[in-house]
Number of protein chains: 2
Amino acid sequence: MKKVTVYVTLREAVLDPQGKAIQESLHSLGYEEIRDVRVGKRLDILVEDKEDLEQRIIEMCEKLLANPVIEDYRYEVEEVVHS
Amino acid sequence: MKKVTVYVTLREAVLDPQGKAIQESLHSLGYEEIRDVRVGKRLDILVEDKEDLEQRIIEMCEKLLANPVIEDYRYEVEEVVHS
């Protein structure tokens, strides 16, 4: 079994109104030191071992998990250690 | 300037219907090897240097960025290197 963590983030050129809203809320709470907030997703996925695991993860990201027009993605694969 | 990355994830005991929906979509696309999907947030925050930076990040997480009743958070702080 593998644990795959996928991070999906908006591309730099894409406006992030949710991030801006969080930034303004933080300012209004007194955290004036915040200069920028960008919101992304983190997906924790548990996958059965397969030979072409990485190729299939890339496919899943491009077909469903990320929108390649406005988002970038990155993933990490770890072995699941049974305790 | 510091770059703070905050990961907000649902606690293990909390149901994640969005994750389940993604898992089912992946199954219907033929990715039967997926055993579990959990959806979390990733926040990329740019902050001016402050002496009590970490203490303020913890406060921001507990007041606004995470819901401590159902979510856990974790953060990483990096120096911003100007190129």
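Note that these values count all heavy atoms, side chains included, but never hydrogens, waters or copies made by symmetry.
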Please classify the contact between L26(A) and chain B as side chain, backbone, both or neither, with a heavy-atom cut-off of under 4.5 Å.
both

Examine whether an atom of [X] lies under 4.5 Å from a heavy atom of chain A, and if so say whether it belongs to the side chain, the backbone or both; otherwise answer neither.
{"X": "E59(B)", "value": "both"}
{"X": "I34(B)", "value": "both"}
{"X": "K41(B)", "value": "both"}

Options [options], ranked by heavy-atom pairs under 4.5 Å with chain B, top entry:
{"options": "L53(A), L65(A), L43(A), T9(A)", "answer": "L43(A)"}
{"options": "I45(A), L29(A), I22(A)", "answer": "I45(A)"}
{"options": "V47(A), V4(A), V8(A)", "answer": "V47(A)"}

Could you check whether R42(B) makes a cation-pi contact with Y7(A), meaning its NZ or CZ is under 6.0 Å from the centre of the six-membered ring and within 45° of the ring axis?
yes

Dump the intermediate steps for side-chain contact (heavy atoms from CB on, under 4.5 Å) on V77(A) and K3(A), then the final yes or no.
CA-CA 6 Å; V77(A) 181; K3(A) 191 192 159 214; over 6 Å; no

Going by heavy atoms in the side chains, are I70(B) and L10(B) under 4.5 Å from each other?
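SC-SC contact between I70(B) and L10(B) confirmed.
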
Under 3.5 Å side-chain donor-acceptor pair for Y31(A) and K63(B)
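K63(B) and Y31(A) do have a side-chain donor-acceptor pair below 3.5 Å.
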
Walk me through it: do E79(B) and K2(B) pass the test side-chain contact (heavy atoms from CB on, under 4.5 Å)?
CA-CA 5 Å; E79(B) 191 68 46; K2(B) 294 277 197 297; 3.0 Å; yes

Distance (rounded to the nearest 0.5 Å) between E48(A) CD and K50(A) NZ:
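Here the rounded value is 8.5 Å.
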
